[in-house]
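Structure, as structure tokens:
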Amino acid sequence: MSVTLRVHDLTVAYGAISAVRGVSFSVEAGELVTIIGANGAGKTTVLNALCGLRTIRGGMIEIGGEDITDMPPHERVRRGVAQVPEGRRLFGRMSVAENLEIGGYTRSDSAGKRKDLDHVLDLFPRLKERYRQLAGTLSGGEQQMVAMGRALMCRPRFLLLDEPTMGLAPQIVDLVLDAVKRVNAEGVTVLLVEQNAYRALEIADRAFVLESGEISLTGAGPDLLNHPRVRSAYLGYD
Ligand code: ATP
């Protein structure tokens, strides 16, 4: 089934400050779409609004034609929306195994969960070696793998990733983004928020630039890589 995520005229405010203003976009089933933008542009706020973690001031969010604007987060998870939050947010005093288990807590199909766990461990073989280790003792890259694995354990249709490469060494950035591409190729629709604009645009089908809470540019990932404004503002070219 082809399921589209549609955001229409989204507005989110923190008190008197509008963090996101009139943002509209859609993500088609199977796409890998990225949102790039400077610090404070509103990227995290958009993802949190999609997951139901932030009350919105206006607009509408739809999945496969169903209005989910007022749905609580767990109902959205049931509809296939999973977020990998900024800063990973693992349970540091629990093992890798337990953190992954938590990702599948809403599911009762143990055979399916077992299969998805095998898939996560195949995607990130390192986690097999670290399986019984406490998550808080892992490296940043390993923690990111657990955070992604935890989200995949609810077998999402939409995977929302918030700055998954932040603070990681270049080799680990490759590993994480390769995993994002693979998951997408396997059929999961991806919305990727990144400050590492170059790497994000390289792998994205489409991209949006968010500036002060508004979408200022949209286009195919590779096209935006060559866009003069993107090159000077986000890629560090003169
Ligand atoms: P970053 O890359 O730094 O995470 P971002 O693009 O994800 O940036 P947001 O975190 O969504 O941006 O923030 C958007 C705007 O909303 C910023 O001006 C920020 O200061 C403000 N903001 C975010 N969270 C809060 C909050 N809890 N209370 C007040 N203002 C907030």
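Whatever order the structure lists them in is the order used to number ligands and atoms, beginning at 1.
For the residues Gly42, Gly15, Gly37, the heavy atom positioned nearest atom 12 (O) of ligand 1 is part of Gly42.
For atom 31 (C) of ligand 1, the nearest non-hydrogen atom of the protein is Tyr14 CD1, 3.3 Å. With hydrogens left out, the protein atom closest to atom 17 (C) of ligand 1 is Gly40 O, 3.5 Å, a heavy atom. Among protein heavy atoms, the minimum distance from atom 9 (P) of ligand 1 is reached at Thr45 OG1, 3.5 Å. Distance from atom 3 (O) of ligand 1 to its nearest protein heavy atom, with residue and atom name: Asn39 OD1, 2.9 Å. Among all non-hydrogen protein atoms, the one lying nearest atom 10 (O) of ligand 1 is Thr44 CB, 3.7 Å.
The OG atom of Ser24 sits 10.0 Å away from atom CZ of Phe208, with the distance rounded to the nearest 0.5 Å.
Sparse packing is recorded around CD of Gln171, with 12 or fewer heavy atoms of other residues, nucleotides or ligands lying under 6.0 Å away. In this structure, Tyr198 places its OH atom where only 12 or fewer heavy-atom neighbours from other residues, nucleotides or ligands lie under 6.0 Å away. The number of heavy-atom neighbours closer than 6.0 Å to NE2 of His8, taken from other residues, nucleotides and ligands shown, is 12 or below.
Residue contacts with ligand 1: Ile17 is placed with no nitrogen or oxygen under 3.5 Å of a nitrogen or oxygen of the ligand (distance criterion only).
Criterion: ILVMFWY side-chain heavy atoms under 4.5 Å apart, direct or through other members. Under it, Val84 and Leu32 are part of a common hydrophobic cluster. Grouping the Ile, Leu, Val, Met, Phe, Trp and Tyr side chains by contacts below 4.5 angstrom, directly or via other members, places Leu138 apart from Leu134.
Under a 4.0 Å criterion applied to the non-hydrogen atoms of Gln195, ligand 1 contributes the atoms 2 (O).
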